[in-house]
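In what follows, chains carry the letters A, B, and so on, assigned in the order in which the sequence lines appear, proteins first and then strands, with residues in each chain numbered from 1. Small disclaimer: the values here were computed from a predicted structure and weren't measured.
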Number of protein chains: 2
Amino acid sequence: MTFADTPLQMLLRRLELIVDLPEEDRQAVLALPHRTRTVEASTYLTREGDVPTVCGVLGTGFAYRQKLTGDGVRQIVALHIPGDALDMQHLFLDMADHSVQMLTRGEVAFIPRKDLQELINARPLVRQAVLSSILVEGSIFREWVLNVGRRDARTRLAHLLCEFASRMEAQGLSDGEGFELPITQEQLADAVGLTPVHVNRTLKSLEADGLITRNKRNIVFPSWERMRDVGDFNPRYLHLDRQLSAQVG
Amino acid sequence: MTFADTPLQMLLRRLELIVDLPEEDRQAVLALPHRTRTVEASTYLTREGDVPTVCGVLGTGFAYRQKLTGDGVRQIVALHIPGDALDMQHLFLDMADHSVQMLTRGEVAFIPRKDLQELINARPLVRQAVLSSILVEGSIFREWVLNVGRRDARTRLAHLLCEFASRMEAQGLSDGEGFELPITQEQLADAVGLTPVHVNRTLKSLEADGLITRNKRNIVFPSWERMRDVGDFNPRYLHLDRQLSAQVG
DNA sequence: CGCGAGATTGAAAGCATTCAAACTTTGTGG
DNA sequence: CCACAAAGTTTGAATGCTTTCAATCTCGCG
């Protein structure tokens with residue numbers, strides 16, 4: 001289905017979830033200079049301290065962003081799915097404040113930052129779409145602060161799973177029959193601010209309660225409603241509904 | 001000193017920390033339609049679920065953003081100081097995903113969102129400055145995820161204090177002799193994801209170790225270096241250095 | 001078949017929370 | 001200007017969620 005699309009097509013699809021673009025803008029997005037590469041799992045796309053020159057767009061596969069404390073403890077601060085722009089924050093900031101790394105093998109299109117800047121300068125609707133997606137990402141960060149700061153382990157994990165499922169579905173990457181979470185329990189632990197051991201126990205507990213079914217890295221929610229409740233999940237912060245009024249001001 | 005400035009002047013000062021603006025752009029920022037109000041402590045500027053029509057800019061006083069879990073537990077996700085724009089995320093998102101509330105009494109300029117949109121559409125340099133400040137805010141959120149997710153109580157609190165002090169200083173609101181943190185310990189707890197009781201104990205411990213001096217809500221760091229170390233604080237994520245290369249692409 | 005990464009489990013320890021109560025400061029009205 | 005109420009701070013003791021440490025198990029792969 002979607003896997004035949006190029007990264008730029010995936011990006012375009014994402015932008016059009018936000019704003020309807022006229023044909024001319026669509027073409028301009030697809031015409032962005034770029035080179036596409038297949039990168040292996042755990043490849044670094046950006047390292048903290050780098051001076052960014054390109055913005056990556058994920059066509060297939062998964063990636064994450066991470067930060068480290070001074071003594072090397074890791075916190076994953078974002079998970080990325082196909083269609084996500086990986087470096088919008090580097091559009092106008094001159095030093096990477098965190099690292100971006102591939103979770104799985106995948107295809108990434110690298111767009112020179114200058115070309116992306118020019119595109120959003122030249123095309124107001126594309127700009128609005130890109131800006132909106134940056135703002136949505138900010139909203140997701142805020143929810144993560146809440147998740148990590150104020151929810152217990154079970155709720156926290158369930159919330160992360162709900163968010164992942166919702167985003168996959170919104171991007172058309174889920175058949176509604178569950179999804180694959182291609183992540184180790186250790187990485188999952190780093191994403192929710194827990195230890196791998198406790199993530200393991202919590203996952204088993206969710207499974208024992210019939211809230212999730214696991215098969216390898218594949219997760220199924222027998223009842224989305226129950227998961228939503230257990231995970232205290234309200235998708236509002238994902239802003240998945242179209243931003244209609246924004247288009248008229 | 002700075003307290004004679006209007007909110008728009010404070011905003012302009014902030015933007016010019018990021019990008020040098022030509023006189024024309026400066027005038028355009030100052031000419032933004034707005035109304036300025038003095039609002040009392042704990043006044044809501046935005047409530048989660050609101051449809052935003054204005055963007056607030058803090059001229060004096062302090063504010064914060066908060067989210068609630070389903071059972072009403074609060075997490076403060078951002079602290080705002082004079083000069084901060086409070087609602088940039090509402091520029092293109094049509095429903096508030098969190099609340100914004102005054103921490104102290106203060107002056108706020110409310111700018112119709114439409115006028116702000118027009119300004120950034122019309123003026124590339126202002127746009128770059130606003131966009132950069134949005135991206136910096138995103139960077140701060142990531143650091144908060146790390147802070148709340150991976151640092152113990154003492155480090156976490158010290159980190160928050162360091163961040164606050166740094167931002168105040170960058171905006172020219174600190175004399176280098178310490179600063180006022182006009183926040184209750186309960187609010188502080190909600191900002192770092194701890195309980196008020198534990199915040200109290202941790203603060204006392206920092207004080208006992210000579211890392212901070214407290215007098216009412218006034219905080220002094222006897223040694224900035226020691227605080228920086230204890231708080232695992234590296235200001236890189238604040239992107240306080242000028243974004244020079246961004247200006248040339 | 002054996003290695004190695006990742007998952008799982010058990011037991012002990014610890015950091016932070018919870019519950020309660022006392023104390024201090026601030027603001028207000030008499 | 002003092003008294004009182006309300007808000008905020010401080011302290012103690014018990015509890016508990018999560019971590020830590022260690023060991024075992026499982027599965028994909030060379």
Side-chain angles (χ1 to χ4, degrees), chain A residues 40-42 62 64 69 71-76 101-105 147-161 180-208 212-219 230, chain B residues 40-42 62 64 69 71-76 101-105 147-160 180-208 212-219 230 232:
Chain A
E40 295 304 316
S42 84
F62 297 85
Y64 62 92
T69 65
D71 38 278
V73 178
R74 177 171 71 169
Q75 173 73 44
I76 290 178
Q101 202 171 357
M102 291 301 289
L103 196 50
T104 63
R105 158 199 278 256
N147 202 36
V148 169
R150 286 301 189 207
R151 294 196 178 108
D152 65 24
R154 154 178 280 243
T155 311
R156 208 186 290 184
L157 249 182
H159 190 280
L160 185 89
L161 297 179
E180 187 167 354
L181 217 194
I183 192 174
T184 67
Q185 291 183 5
E186 185 170 11
Q187 291 163 334
L188 198 48
D190 286 335
V192 292
L194 296 169
T195 57
V197 171
H198 202 54
V199 163
N200 182 281
R201 295 195 229 273
T202 307
L203 237 27
K204 299 218 72 171
S205 147
L206 289 173
E207 192 172 26
I212 62 174
T213 300
R214 290 187 299 160
N215 192 302
K216 316 274 161 158
R217 304 276 173 79
N218 209 57
I219 308 252
V230 168
Chain B
E40 295 304 316
S42 84
F62 297 86
Y64 61 92
T69 65
D71 39 277
V73 179
R74 176 171 72 168
Q75 173 73 43
I76 289 178
Q101 203 170 358
M102 292 301 288
L103 196 50
T104 63
R105 159 199 278 256
N147 203 36
V148 170
R150 287 301 189 207
R151 295 196 179 107
D152 65 23
R154 156 178 279 243
T155 312
R156 207 186 292 184
L157 249 181
H159 189 280
L160 185 90
E180 187 166 356
L181 217 194
I183 192 174
T184 67
Q185 293 184 4
E186 184 170 12
Q187 292 163 334
L188 198 48
D190 285 335
V192 290
L194 295 170
T195 57
V197 171
H198 201 55
V199 163
N200 182 279
R201 294 196 229 272
T202 307
L203 238 25
K204 296 218 75 170
S205 147
L206 289 174
E207 192 172 26
I212 61 174
T213 300
R214 291 186 299 160
N215 192 304
K216 314 275 160 157
R217 303 276 173 79
N218 209 56
I219 309 253
V230 168
D232 188 26

From Leu157(B) CG over to Gln185(B) CD, what is the distance, rounded to the nearest 0.5 angstrom? 9.0 Å

Using atom [atom1] of [X] as one end and atom [atom2] of [N] as the other, report the distance to the nearest whole Å.
X: Arg214(A); N: dA7(C); atom1: CZ; atom2: P; answer: 9 Å
X: Asn200(B); N: dA22(C); atom1: CG; atom2: C1'; answer: 13 Å
X: Arg154(B); N: dC15(C); atom1: CZ; atom2: C1'; answer: 13 Å
X: Leu203(A); N: dA7(C); atom1: CG; atom2: P; answer: 9 Å
X: Leu194(A); N: dT20(D); atom1: CG; atom2: P; answer: 11 Å
X: His198(A); N: dG10(C); atom1: NE2; atom2: P; answer: 15 Å
X: Arg151(B); N: dT18(D); atom1: CZ; atom2: P; answer: 21 Å
X: Leu188(B); N: dA7(D); atom1: CG; atom2: P; answer: 20 Å

Please step through side chain to side chain contact (heavy atoms under 4.5 Å, CB included) for the pair Arg214(A) and Ile219(A), ending with a clear verdict. CA-CA 5 Å; Arg214(A) 290 187 299 160; Ile219(A) 308 252; 4.2 Å; yes

With respect to the side chain of [X], which nucleotide from [options] is positioned closest?
X: Ala153(A); options: dA20(C), dT18(D), dC21(D); value: dT18(D)
X: Lys204(A); options: dT19(D), dT9(C), dT18(C); value: dT9(C)
X: Thr184(A); options: dA7(C), dT18(D), dT18(C); value: dA7(C)

For Arg105(A), I'd like to know if atom CZ has over 12 heavy atoms of other residues, nucleotides or ligands within 6.0 Å. no

For a quick check, tell me whether the side chain of Arg217(B) and the base of dG8(D) share a donor-acceptor pair closer than 3.5 Å. no

Closest-nucleotide ordering on DNA chain D, the 5'-leading residue of Lys216(A) and Arg201(A): Arg201(A)

Indicate yes or no for a side-chain donor-acceptor contact from Gln101(A) to the backbone of Tyr64(A) under 3.5 Å, with no hydrogens or angles considered. no

Any donor-acceptor pair under 3.5 Å linking the side chain of Arg156(A) with the backbone of Arg151(A)? yes

Regarding Arg156(B), tell me which of base, sugar-phosphate or nothing describes its non-hydrogen contacts under 4.0 Å with the strands shown. nothing

Given that Pro196(A) and Arg150(A) both sit by DNA chain C, which one's nearest nucleotide is further toward the 5' end? Pro196(A)

